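Quick notes on the structure that follows.
None of the values given here were measured: they were computed from a predicted structure. Start at 1 and go down the list; that is how both ligands and their atoms are numbered.
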Amino acid sequence: MRVHLPLPEVAPATARLEGERFHHLVRVLRAAVGDTVEVFDGRGRCFGARIAAIEADAAVVELGPAVVPRALRRIALVQGLPKGDKLDAVLRHGTELGASCFAPAFTERSLVKLDGARAAVRLKRWARIAEEAARQCGRADVPQVLPAKPLADAFAGAGPARAFVLDEEEAGMTLSRAFEAALGKTDPVCLVVGPEGGLSRVEVETLCALGAQPVSLGRRILRTETASLAALSVLLHLDGELG
Ligand code: SAM
């Protein structure tokens, strides 16, 4: 059993699990006093813990020493906002495949419009999907999900990195060949993927002017959600963390 619980820099000896965390652990997983759980703080630390007491609406856990698994390369995914619940799959499986940050982007051909209230509700849901996926796959960190922004702002928000824009019209350079220069190092990487309708040439050129390199994933035209997960898989494999 694993539970995500943000903790201060100096972790306390005991901690209280309340609300949704308590419900999932005690009501759903039927955890009992004396059971061991793994607590992860979402920022890269894990703690072996033991349930010391269960109250009406809280569980008290005794925390063991922090364990800090080796961090994977920071990979930001700037994702052209797709229709429906495709972004859910990108968040869920992208978390399993090592994405550290998701930056949803409104692009010229995005069909999805999100206003203030709906955007806030979606962002909360997206963050919960990433947290649940991190819990399930054993990560110590929870990927950051940024609010959806226009493409250039989303790209800037993803932070400094070696940036690759996935461009199905790129004939020369593949992602794996372009990534070779970053191999063996810990440079952060940013991947930019278009929505169902793709990125316009102006958008690709703008991203290149901002330092991104256009790369191909091969001859097939992949769905946006497939392209994101395939690109993350390529990087994770080249970093020796997948297959
Ligand atoms: N122009 C595409 C078409 O003709 O269907 C639409 C875009 S494709 C469905 C969605 C996104 O996935 C693209 O914007 C690109 O970022 C990425 N993508 C798909 N196939 C790719 C490939 N072979 N190489 C690089 N990127 C690809």
### Query
Is V60 linked to M1 within one hydrophobic cluster, defined over Ile, Leu, Val, Met, Phe, Trp and Tyr using a side-chain heavy-atom separation of less than 4.5 Å?
no
### Message
Does any N or O of ligand 1 fall below 3.5 Å from an N or O anywhere on V192, backbone included?
### Response
no
### Query
Where is the nearest protein heavy atom to atom 20 (N) of ligand 1: which residue, which atom, and how far?
L222 N, 2.9 Å
### Message
Below 4.0 Å, non-hydrogen atoms only: which portion of L175 touches ligand 1? Side chain, backbone, both or neither.
### Response
neither
### Message
Heavy atoms only: which of E168, Q79, R219 lies closest to atom 1 (N) of ligand 1?
### Response
E168
### Query
Does the side chain to side chain contact (heavy atoms under 4.5 Å, CB included) test come out yes or no for L183 and L238, once each step is laid out?
CA-CA 7 Å; L183 268 184; L238 291 173; 4.0 Å; yes
### Task
Report yes if R220 has an N/O atom closer than 3.5 Å to an N/O atom of ligand 1; otherwise report no.
yes
### Message
Starting from atom 11 (C) of ligand 1, what is the nearest protein heavy atom, named by residue and atom, and what distance separates them?
### Response
G194 O, 3.5 Å
### Task
Apply salt bridge (charged side-chain N to carboxylate O under 4.0 Å, His left out) to E132 and R92, showing your working.
CA-CA 8 Å; E132 167 54 26; R92 187 169 297 117; over 6 Å; no
### Task
Please report which non-hydrogen protein atom sits nearest to atom 5 (O) of ligand 1, along with the residue it belongs to and the distance in Å to one decimal place.
I221 CG2, 3.5 Å
### Task
Just jot down the ligand 1 atoms closer than 4.0 angstrom to any heavy atom of V215, in number order.
25 (C)
### Task
Check each atom of ligand 1 against the heavy atoms of V193 and keep those under 4.0 Å away; list them by number with element.
12 (O), 16 (O)
### Query
In terms of side-chain heavy atoms, does E20 have a donor or acceptor partner in H23 at a distance below 3.5 Å?
no
### Query
For atom 24 (N) of ligand 1, what is the nearest protein heavy atom, given as residue, atom name and distance?
L217 N, 2.8 Å
### Query
When you look for heavy atoms under 4.0 Å from ligand 1, do you find them on the side chain of E196, its backbone, both, or neither?
backbone
### Query
Are any of the side-chain heavy atoms of V78 and L191 separated by less than 4.5 Å?
no
### Message
I'd like to know if T226 contacts ligand 1, where contact means a heavy-atom distance under 4.0 Å to any ligand atom.
### Response
no
### Message
Using heavy-atom distances only, which candidate in P214, A231, G198 approaches atom 7 (C) of ligand 1 most closely?
### Response
G198
### Query
Any idea which protein heavy atom is nearest atom 17 (C) of ligand 1, and the distance to it?
A227 CB, 3.5 Å
### Task
Would you please say whether a donor-acceptor pair under 3.5 Å links the side chains of E169 and S216?
no
### Donor-acceptor side-chain pairing of E196 and T224 below 3.5 angstrom
no
### Query
Should R27 and F22 be marked as a side chain to side chain contact (heavy atoms under 4.5 Å, CB included) after you check the CA-CA gap, both sets of side-chain angles, and the distance that decides it?
CA-CA 7 Å; R27 299 286 179 253; F22 166 76; 3.7 Å; yes
### Query
Is a side-chain N or O of D41 found less than 3.5 angstrom from the main chain of G44, in a donor-acceptor match?
yes
### Message
Give me the residue, atom name and distance of the protein heavy atom closest to atom 10 (C) of ligand 1.
### Response
P195 O, 3.2 Å
### Task
Could you tell me whether E169 approaches ligand 1 through its side chain, its backbone, both or neither, with non-hydrogen atoms closer than 4.0 Å?
neither
### Task
Would you mind checking which non-hydrogen protein atom is closest to atom 16 (O) of ligand 1, with the distance to 0.1 Å?
L166 O, 2.7 Å
### Those atoms of ligand 1 less than 4.0 Å from some heavy atom in L199
14 (O)
### Task
Compute whether any side-chain donor of one residue and acceptor of the other, for Q79 and S228, lie under 3.5 angstrom apart.
yes
### Query
Could you go step by step and tell me if D141 and R74 meet the salt bridge (charged side-chain N to carboxylate O under 4.0 Å, His left out) rule?
CA-CA 11 Å; D141 64 326; R74 176 180 163 75; over 6 Å; no
